[in-house]
Every structure is written in C-alpha cells, then in structure tokens.
Amino acid sequence: MRDTASSKVFRLVVIALLTAFTVVPIYVMIESSLKPLADVQSTFTWWPSQVTTQPFIDMWSTVPLANYFLNSVIISTASTVLSLVIAIFAAFAVSRFRFTGRSVFTTSILSTQMFPGILFLLPLFLIFVNINQTLGIQLVGTRLGLIITYLTFSLPFSIWMLSGYFDGIPKELDEAAQVDGNGPVGALFRVILPAARPGVIAVAIYSFMTAWGEVLFASVMTTDQNRTLAVGLQLYSTQVNVYWNQVMAASLVVSIPVVVAFLLLQRNFVAGLTAGAVK
C-alpha cells in the first residue's frame with residue numbers, strides 16, 4: 001500500500017514533535033548549566049548572555065557529590081552483579097528443569113511487578129530493623145541494605161526475562177555439551193550464556209538503571225555518609241537558595257554513565273528485551 005502525501009506529512013509532524021519533546025529539555029538542561037545563577041533565576045532565554053563552566057566546578061563543593069557518585073557506583077554495580085548471577089542460575093533452572101512448584105514460582109516472581117514499589121517500603125524497613133535487633137546486622141542506613149532492597153525489584157523481572165530468553169535456545173545445544181563431558185553447569189557457561197549474551201546484557205543494563213536512578217528507597221534507607229546521587233541532587237535546594245545551574249550541571253554528569261552504557265550496548269539491549277519478552 002503506497003503512502004499518500006498526507007500520511008508522509010503526518011509522520012514527519014509526529015517525528016518532529018517527538019524529537020522536540022526529547023531534545024528541548026536536554027537543551028534547556030545544558031544551556032542552564034552554562035549560565036550564572038543570576039541568569040537562570042531571571043527571565044528565561046534560549047541562549048545564555050554569559051557562558052560559564054563554573055557550575056561544573058562548584059557542584060562538587062556545594063554538596064559532597066563525589067561521595068554520592070561513589071556510593072551510587074558501588075550500590076548499582078553490586079546490585080547488578082548479584083542480580084545477574086542469581087537470575088542466571090534461577091532462569092536456567094526454570095527453563096531447563098521441571099520441578100514441583102515451577103509454575104507457582106514463575107507466576108509469583110512475575111506478579112510482584114504488579115505492585116507499586118512504595119507498597120514494600122514499610123515492610124522492608126521493618127524487616128531490616130528486626131534483623132538488626134535479632135542478629136545485630138545493620139541494614140538500615142548502609143550500602144548493603146540498599147543493595148538488598150534493589151535486588152527485590154530487579155531480580156524478579158531479570159529471572160522472568162532470562163528464562164524466556166533461555167527457552168529460545170535449543171535444548172539440543174545442552175545435549176551436545178553433555179556429550180562432550182559437560183554437566184548442566186558446564187553447559188550453562190560454555191553454551192547457553194554465550195548464546196544468550198544479548199539477554200544477559202539487557203538484564204545487566206536494566207538492573208543498573210533501576211538502581212542508579214531510584215529515589216524513594218534511597219531517601220529512606222540511607223544516611224549522609226552513604227546517600228546516592230538521586231537523593232543527593234536534592235541538597236542543591238537549600239532554605240536560602242536553589243542552585244539551578246549546579247543542579248543541571250550535576251544532572252548532566254550523573255547521566256553520563258548510563259547514557260554511555262546504553263549507547264554502547266543498545267543493540268544487545270533491544271535484542272535481549274525483544275527476545276525475552278515474547279517467549
């Protein structure tokens with residue numbers, strides 16, 4: 001069916017609107033980060049009257065941004081690695097073995113995604129407090145507690161997506177690996193995982209992005225020493241002033257790791273999401 005001139009114009013208009021909807025906020029963020037604070041607080045202009053990089057310097061001293069950056073890297077990386085390791089073995093078991101309660105397990109991990117995250121805030125907090133009182137393990141206000149918290153969000157979806165991806169890999173590959181003397185674990189590492197690389201990368205990116213930008217639990221489960229970037233950005237707003245140019249500069253800086261990772265791995269990410277979602 002041939003496209004008419006009106007349909008082409010309509011598509012161009014829609015693409016232009018979507019592009020503007022995406023690009024304009026980014027431009028305003030970059031433009032505001034290059035303005036002095038007085039210019040940002042005055043009447044908005046599309047081009048700064050005075051270009052300065054001072055906000056990118058001051059943002060490190062106004063709040064301990066470097067410490068928050070380190071906390072975010074440690075927490076996000078640790079939760080991603082743990083989620084990936086656990087999800088790989090769990091998804092492999094669900095995909096390749098038949099056991100009692102398998103359908104209940106898969107339904108349960110997927111059903112957890114139906115509930116809003118705030119519903120788990122108070123139960124998790126009380127569980128962590130009870131663990132501290134019973135076992136003496138401090139989880140509230142620590143990096144470990146936040147890592148465990150993020151696992152509760154990323155792990156169910158990661159297991160579901162990887163199990164779907166593993167289902168798409170022929171079981172004959174497992175049998176061929178076993179003929180060569182490999183057990184189930186050997187087949188997993190030597191055959192399944194190399195074939196499931198896009199799915200593994202998609203799970204890793206999803207887990208990292210979930211932890212990197214989370215605000216609600218980080219604002220409750222952290223202290224001044226282990227606060228993450230998503231929460232630390234709020235400190236640029238004080239009772240006296242709001243340092244909007246530094247907020248924009250810091251937002252650009254903290255977005256770089258996720259944006260770079262996504263751009264480098266976007267092909268595998270899209271392929272992994274697509275393959276894992278349709279199984």
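Everything quoted here is computed from the prediction, not taken from an experiment.
When the side chains of ILVMFWY residues are joined at heavy-atom separations under 4.5 Å, either directly or via intervening members, V191 and F89 end up in a single hydrophobic cluster. Transitive grouping of hydrophobic side chains (ILVMFWY, heavy atoms separated by less than 4.5 Å) keeps V104 and I159 in distinct clusters. In the hydrophobic clustering of this structure, I15 does not group with F10; members are Ile, Leu, Val, Met, Phe, Trp, Tyr whose side-chain heavy atoms approach within less than 4.5 Å, directly or through other members. In the hydrophobic cluster analysis, where Ile, Leu, Val, Met, Phe, Trp and Tyr join through side-chain heavy atoms closer than 4.5 angstrom, V23 is grouped apart from V28.
Without hydrogens or angle criteria, S61 side chain to D58 main chain gives a donor-acceptor distance under 3.5 Å. In this structure a side-chain-to-backbone donor-acceptor pair under 3.5 Å is missing from N71 to T228. At least one donor-acceptor pair closer than 3.5 Å links the side chain of Q138 to the backbone N or O of V140. Checking side-chain atoms of T22 against main-chain N and O of L18 turns up a donor-acceptor pair under 3.5 Å. Of the possible polar contacts, none joining the T53 side chain to the F56 backbone as a donor-acceptor pair under 3.5 Å is found. Between the side chain of T134 and the backbone N or O of I131, no donor-acceptor pair lies under 3.5 Å. A donor-acceptor pair is defined here as one N or O able to donate and one able to accept, closer than 3.5 Å; no such pair exists between the side chain of Q225 and the backbone of R227. Looking at N67, its side chain never comes within 3.5 Å of a backbone N or O of N226 through a donor-acceptor pair. A distance-only check finds no donor-acceptor pair linking the side chain of T77 to the backbone of I74 [under 3.5 Å]. The backbone N or O of S76 sits less than 3.5 Å from a side-chain atom of S79, completing a donor-acceptor pair.
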I would like to know whether Q41 and N241 meet side-chain hydrogen bond (donor to acceptor under 3.5 Å, both in side chains); could you show each step before the answer? CA-CA 10 Å; Q41 294 176 334; N241 210 342; 2.7 Å; yes
Decide ring pair (Phe, Tyr, Trp, His ring centres under 6.0 Å) for Y236 and W60; before the verdict, give the C-alpha distance in whole Å, the side-chain angles of both, and the deciding distance to 0.1 Å. CA-CA 11 Å; Y236 287 104; W60 301 100; 9.7 Å; no
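Contact check for E31 versus W46: no side-chain heavy atoms found under the 4.5 Å cut-off. Residues K35 and T52 fail the side-chain proximity criterion, which asks for heavy atoms closer than 4.5 Å. Y165 places a side-chain heavy atom less than 4.5 Å from the side chain of P198. Between Y68 and V231 there is no side-chain heavy-atom pair separated by less than 4.5 Å. Counting only heavy atoms from C-beta outward, the side chains of I75 and W212 never approach each other to under 4.5 Å. Residues F128 and T149 are in side-chain contact: their nearest non-hydrogen atoms beyond the backbone lie under 4.5 Å apart.
For an aromatic pair to be called close, the ring centres must be under 6.0 Å apart, and F217 with F153 satisfies this.
A donor-acceptor contact closer than 3.5 angstrom links the side chains of S95 and D167.
Surrounding CZ of F125 are at most 12 heavy atoms belonging to other residues, nucleotides or ligands under 6.0 Å away. Remark: F21 CZ is loosely packed, at most 12 non-hydrogen atoms of other residues, nucleotides or ligands lying under 6.0 Å away.
Ring pair F157/W160 is tilted by interplanar angle, where 30° to 60° counts as tilted.
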